[in-house]
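Just so we're clear, the structure is a prediction, and the values are computed from it rather than from any experiment.
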Amino acid sequence: NVSWKALIYTSGIFAIGHILTVPHPARLAVFFPSLLFGWMRSATGSIFSAVLFHATCNLFAHVAFKFYG
């Protein structure tokens with residue numbers, strides 16, 4: 001089991017890493033999907049659901065930007 005405290009700290013570090021690579025405040029938004037992916041891993045005991053959901057979101061974003069962007 002993964003504690004909420006660990007998920008929050010890990011997601012915070014993940015967000016800080018993103019803003020250090022591209023210094024823009026919007027990069028901190030990865031904090032929230034990171035919480036979701038961590039919760040999914042904790043709930044299922046596997047990273048498969050989080051990986052599948054992440055890939056689906058990336059595909060959706062790619063299609064949306066291609067046709068509507």
Indicate every side-chain donor-acceptor pair of residues 55-65 with a distance under 3.5 Å to a residue at least two apart or in another chain.
residue: Thr56; atom: OG1; partner: Leu52; partner atom: O; Å: 2.8
residue: Asn58; atom: ND2; partner: His54; partner atom: ND1; Å: 3.1

Check: Are Phe53 and Leu36 close enough that some pair of their side-chain heavy atoms sits under 4.5 Å apart?
Finding: yes
Check: About how many Å separate CZ of Phe37 and CZ of Phe14, when rounded to the nearest 0.5 Å?
Finding: 8.0 Å
Quick one: side chains of residues 19-34, donor-acceptor pairs under 3.5 Å with protein atoms, not counting sequence neighbours, listed by atom name and distance.
residue: Thr21; atom: OG1; partner: His18; partner atom: O; Å: 2.8
residue: Thr21; atom: OG1; partner: Arg27; partner atom: NH2; Å: 3.4
residue: His24; atom: ND1; partner: Ala26; partner atom: N; Å: 3.1
residue: Arg27; atom: NE; partner: His18; partner atom: O; Å: 3.4
residue: Ser34; atom: OG; partner: Ser11; partner atom: OG; Å: 2.9

Note to self: Return the CE to CZ distance between Met40 and Phe48, rounded to the nearest 0.5 Å.
What the structure shows: 10.0 Å
